[in-house]
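Along the sequence shown, residues carry numbers from 1.
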Amino acid sequence: MFTSSEPRHGIVLFEMKDAQSEADGAAYITALHALSVRTQPVLLIMTVQGHTDQDHETRKQAALWFKQNRDRLSAFLYGVIRVDDHDHEGHAEELESSNFAKMLPFPIKHADSLEKAYAMAENWPKR
């Protein structure tokens, strides 16, 4: 399952849970495109629960989206907070210090719960 919402002003929430269907993959790509047309930057919170592997085509489209938008990410995002369940422990911490994170124009952080992510978002430095 994939859902995208804007639960609070300035925050976009991507939720991925369990197996991702073809429709979930399409919704994810649509949500990425919706981010890239925003005129005001937002903080992205991503929750990941269960085994959420995306199919090859979704990963390919997401990589293309990133390549097309890499130079303008800061125009629509000012940070990412990732919330993982216990199946993904350690992944978010690794992501924070990865080469991928280092090339982004904003920080990627980890929170243990959605509530903690919202608390972090309240104190997140805005540009």
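The minimum heavy-atom distance linking M120 with A111 is given by the pair SD-CB, 3.8 Å. Closest of all the heavy-atom pairs between G79 and W124 is CA-CZ2, 3.8 Å. Closest of all the heavy-atom pairs between P41 and Y78 is O-CE2, 3.5 Å.
Scored by the side-chain contact (heavy atoms from CB on, under 4.5 Å) test, A62 finds Y28, I29, L32 as partners (sequence neighbours excluded). Evaluation of the side chain to side chain donor-acceptor pair (under 3.5 Å) rule for T58 yields D55 as partners, not counting sequence neighbours. T30 is linked by a side-chain contact (heavy atoms from CB on, under 4.5 Å) to nothing, counting only residues two or more places apart in sequence or in another chain. A search for side-chain contact (heavy atoms from CB on, under 4.5 Å) contacts involving H56 returns R59, K60, not counting sequence neighbours. Evaluation of the side chain to side chain donor-acceptor pair (under 3.5 Å) rule for Q61 yields E57 as partners, not counting sequence neighbours. The side-chain contact (heavy atoms from CB on, under 4.5 Å) check on Q68 picks up L64, with sequence neighbours excluded.
Within the structure, the salt bridge (charged side-chain N to carboxylate O under 4.0 Å, His left out) test picks out no pair touching residues 42-53 (sequence neighbours left out). Residue pairs meeting the salt bridge (charged side-chain N to carboxylate O under 4.0 Å, His left out) criterion with at least one member in residues 43-52: none, sequence neighbours excluded. Annotation: salt bridge (charged side-chain N to carboxylate O under 4.0 Å, His left out) contacts involving residues 3-31, sequence neighbours excluded, comprise E6-R38, R8-E122. Within the structure, salt bridge (charged side-chain N to carboxylate O under 4.0 Å, His left out) contacts touching residues 40-49 (residues at least two apart or in different chains) do not occur.
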> Can you check side-chain contact (heavy atoms from CB on, under 4.5 Å) on D112 and D84, steps first, answer last?
Replying inline: CA-CA 7 Å; D112 294 329; D84 292 302; over 6 Å; no

>> Evaluate L35 against L77 for side-chain contact (heavy atoms from CB on, under 4.5 Å), listing each step before the verdict.
In response: CA-CA 8 Å; L35 276 178; L77 286 175; 4.2 Å; yes

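Under the 4.5 Å side-chain criterion, counting only non-hydrogen atoms from C-beta, R82 is not in contact with K109. A 4.5 Å side-chain heavy-atom check between I45 and Y118 finds at least one atom pair inside the cut-off. Within the 4.5 Å cutoff, no side-chain heavy atoms of V12 are placed close to those of L43. Side-chain contact between L114 and T47 is present, with at least one heavy-atom pair separated by less than 4.5 Å. Side-chain contact between F66 and L73: present, with at least one pair of heavy atoms (C-beta onward) separated by less than 4.5 Å. Counting heavy atoms from C-beta on, the side chains of I81 and M46 never come closer than 4.5 Å. Side chains of N69 and F76 form a contact here, defined as non-hydrogen atoms less than 4.5 Å apart. S21 has its side chain out of reach of F2: every pair of non-hydrogen atoms, C-beta onward, lies at least 4.5 Å apart.
Taken together through direct or relayed side-chain contacts under 4.5 Å among Ile, Leu, Val, Met, Phe, Trp and Tyr, L13 and M1 form parts of separate hydrophobic clusters.
The distance from atom OG of S74 to atom CZ of F106, rounded to the nearest 0.5 Å, is 8.0 Å.
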